[in-house]
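Only this structure's heavy atoms are used, side chains among them; waters, hydrogens and symmetry mates stay out. Keep in mind the model is a prediction, meaning the values are calculated, not measured.
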Amino acid sequence: MLKVTGSTMPGALRFLPVVVFADADEAEKEAPSPAPLNRDDLSLYATPPQTSRYAEPEAGQLEESVATIRKLVEPYAAWCQDTYGRIKPTVQRVVRFGSDTYAYLKDPPKDFYPRAGVIGFTGVLGLLLARGSRVKRLVYPAGLMTVSASLYYPEKAANVAKSTGDSVYDWAVQSYAAVEKIEKNYEKKEQSASI
């Protein structure tokens, strides 16, 4: 099949395609016709083989220096993050306690400041009376402040005394049981050693 277009046709007809059938010689008629081409066989539609690879560029001196510093600092950064994670709840509690205390002191109950002054004065008096012994320096101020605070706040003092008494009683029972267990084990060892 031949397609002929061109200027040999007059006027508007030259834009129309015309098919011309030509007669082939005997040799061409006997030759087998080529198999039709597949679209994938044409180079226009074929995908070129992938021969390119991504190559990592070599690190420069600045990148190597930054990498070295990063490796040196990494353990310290991990330690700081771990410490921050452990300290953060405590700091939040302290901040919350501070803001609650500020709100309480901003609008205190009646006679709060005189009572706080008396309790503080008894603590200083306990320090003055506790000269000479370290045990006295701990016991006298704490004891005098506890007594004066219990005079002003008897309900809270009773609650604290009850909870403290219960915990002391529990501690004493546990200590007694532990000592009893140790004595029994010691007696068993003595009896087995004497045999």
Does a side-chain heavy-atom distance below 4.5 Å link Tyr102 with Lys106?
yes
If the threshold is 4.0 Å, N to carboxylate O, is there a salt bridge linking Asp100 and Arg96?
no
Nearest heavy-atom neighbours spanning Leu127 and Arg137
CD2-O, 4.3 Å
Within the supplied structure, the quantity of interest is the number of heavy atoms (other residues, nucleotides, ligands) at a distance under 6.0 Å from Glu155 CD; does it exceed 12?
no
Shared ILVMFWY cluster between Val118 and Leu144, side chains joined below 4.5 angstrom?
no
Leu125 side chain reached by Tyr140 side chain, heavy atoms, under 4.5 Å:
no
Ignoring hydrogens and angles, tell me if any N or O in the side chain of Glu63 forms a donor-acceptor pair with the backbone of Gly60 under 3.5 Å.
yes
Would you name the heavy atoms of Lys136 and Ala130 that are closest together and state the gap between them?
O-CB, 3.1 Å
Value for CD (Glu64) from CD (Gln61), rounded to nearest 0.5 Å, stands at 7.5 Å
Is there side-chain contact between Tyr113 and Leu105, with heavy atoms separated by less than 4.5 Å?
yes
Check whether NZ of the Lys or CZ of the Arg Lys156 lies under 6.0 Å from the centre of the six-membered ring of Tyr153 and within 45 degrees of that ring's axis.
yes
Could you pull out the closest heavy-atom pair between Leu128 and Arg131, with the gap in Å?
O-CG, 3.4 Å
With the side chain counted from C-beta on, respond yes when Leu138 and Arg134 share a heavy-atom pair under 4.5 Å apart, and no when they do not.
no
Give, for atom CZ of Arg115 and atom NZ of Lys110, the distance between the pair rounded to the nearest 0.5 Å.
9.0 Å
Minimum heavy-atom distance between Ala157 and Ser150, given as atom pair plus value
CB-CB, 3.5 Å
Side chains of Phe121 and Ser148 in contact at under 4.5 Å (non-hydrogen atoms):
no
Atom pair CD/CG of Glu74 and Leu72 - distance to nearest 0.5 Å
10.0 Å
Closest non-hydrogen contact found for Pro89 with Gly85 is CD-O, 3.4 Å
Same cluster for Phe112 and Tyr152 if Ile/Leu/Val/Met/Phe/Trp/Tyr side chains link at under 4.5 Å?
yes
In this structure, are over 12 heavy atoms from other groups packed under 6.0 Å from Glu58 atom CD?
no
Sole candidate of Lys188, Glu190, Glu183, Lys189 that passes side chain to side chain contact (heavy atoms under 4.5 Å, CB included) when paired with Tyr186:
Glu190
